Amino acid sequence: MKKFLISVAILVAGFGYANAGEVLKFGTNATYPPFEYIDENSKVAGFDIDLVNELSKRVDFEYEMINMSFDGLIPALKSGKIDAIVAAMSATPERKKAVDFTKPYYHTENLYILKADNGEVKSKDDLKGKKIGVQLGTAQEQTSRKLEGVKTTPTKDIFTSILALKNGKIDAVLVDTSIGYGYLRKNSDLVEFLVEPDGSEGFSIAFDKDKNNELIAKIDAEVEKMKEDGSYEALLKKYELK
């Protein structure tokens, strides 16, 4: 898993943004397959990266993809270190106070995962007094911290939470369904416990507040066109999200 810690910046040839020579810096967290991850060539890859690449051609901009910690994405956006976030980020009411989001391009829910041999947790009330693993800075962390009597155990990436669950260091993992079901398919010793709404509008691309309204409108329009012409559907199939 060391490859996930590599800081990666990839400059992708594009078609020129509104200001000549300007390159949009997209922040991501490449520990969340299939949306973003480090591939066998040590490059950032995934559904979100392919989506931005397609949008760069349609909207006409150049971009750079910068890999960083998930909890550092919004601070980096607010400080001007990056221009946008594409990281399977849920558009929650709390985040919308600080950033502007595109229309959601993918919808998901909260998924609770247990070890298959866990005979203690049979209802949500049984989570009281238990430790729940979440990825730091995610909507699931916010949800976990609102659960009465539950100890939230955040980690830098969800793989670490899954590993802690398998090793008995925590009692459950709370993750979004798009990622969680992937882990369930690959780990027969883990099971789905509960699925519920995550309180967000869905995964969206984030920009700093009140600074990119025109670009957001263009992106929203092109995503709709992608859904109409089949290219969005092709991405879903490529990453087994449908």
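Every value quoted in this text rests on a predicted model; they were computed, and no experiment measured them. If you read the sequence from its start, that first residue is 1, and numbering goes on from there. The figures that follow rest on heavy atoms only: side chains count, while hydrogens, waters and symmetry mates do not.
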side-chain contact (heavy atoms from CB on, under 4.5 Å) between I158 and Y183, worked out: CA-CA 10 Å; I158 200 62; Y183 281 104; 3.6 Å; yes
Pair [X] + [Y], salt bridge at N-O below 4.0 Å:
| X | Y | value |
| --- | --- | --- |
| K115 | D171 | no |
| K103 | E224 | no |
| K78 | D208 | yes |

Once you round to the nearest 0.5 Å, how far does [atom1] of [X] lie from [atom2] of [Y]?
| X | Y | atom1 | atom2 | answer |
| --- | --- | --- | --- | --- |
| F207 | L215 | CZ | CG | 4.5 Å |
| K237 | L235 | NZ | CG | 11.5 Å |
| D176 | E109 | CG | CD | 10.5 Å |
| Q135 | S144 | CD | OG | 13.5 Å |

Does [X] use its side chain to pair, donor to acceptor, with the backbone of [Y] at less than 3.5 Å?
| X | Y | result |
| --- | --- | --- |
| R145 | T152 | no |
| H107 | F203 | no |
| D229 | S231 | yes |
| T102 | D220 | no |
| D198 | N110 | no |
| N187 | L190 | no |
| S56 | N53 | yes |
| D39 | A45 | no |
| E222 | K218 | no |
| K130 | G149 | no |

Ring centroid separation F70 to Y32 under 6.0 Å: no
Step-by-step side-chain contact (heavy atoms from CB on, under 4.5 Å) determination, V44 to I38: CA-CA 5 Å; V44 179; I38 303 297; 4.0 Å; yes
Is there a side-chain contact between [X] and [Y] in this structure, where contact means two heavy atoms from C-beta onward sitting under 4.5 Å apart?
| X | Y | answer |
| --- | --- | --- |
| S90 | R95 | yes |
| L111 | L184 | yes |
| M68 | I82 | yes |
| E196 | K124 | yes |

side-chain contact (heavy atoms from CB on, under 4.5 Å) between L24 and V52, worked out: CA-CA 11 Å; L24 285 176; V52 169; over 6 Å; no
S123 versus D125, side-chain donor and acceptor atoms under 3.5 Å: no
Aromatic ring pairing F47/Y105, orientation class (parallel under 30°, perpendicular over 60°, tilted between): parallel
Residues L194, L127; criterion side-chain contact (heavy atoms from CB on, under 4.5 Å); working and verdict: CA-CA 11 Å; L194 176 67; L127 291 173; 5.8 Å; no
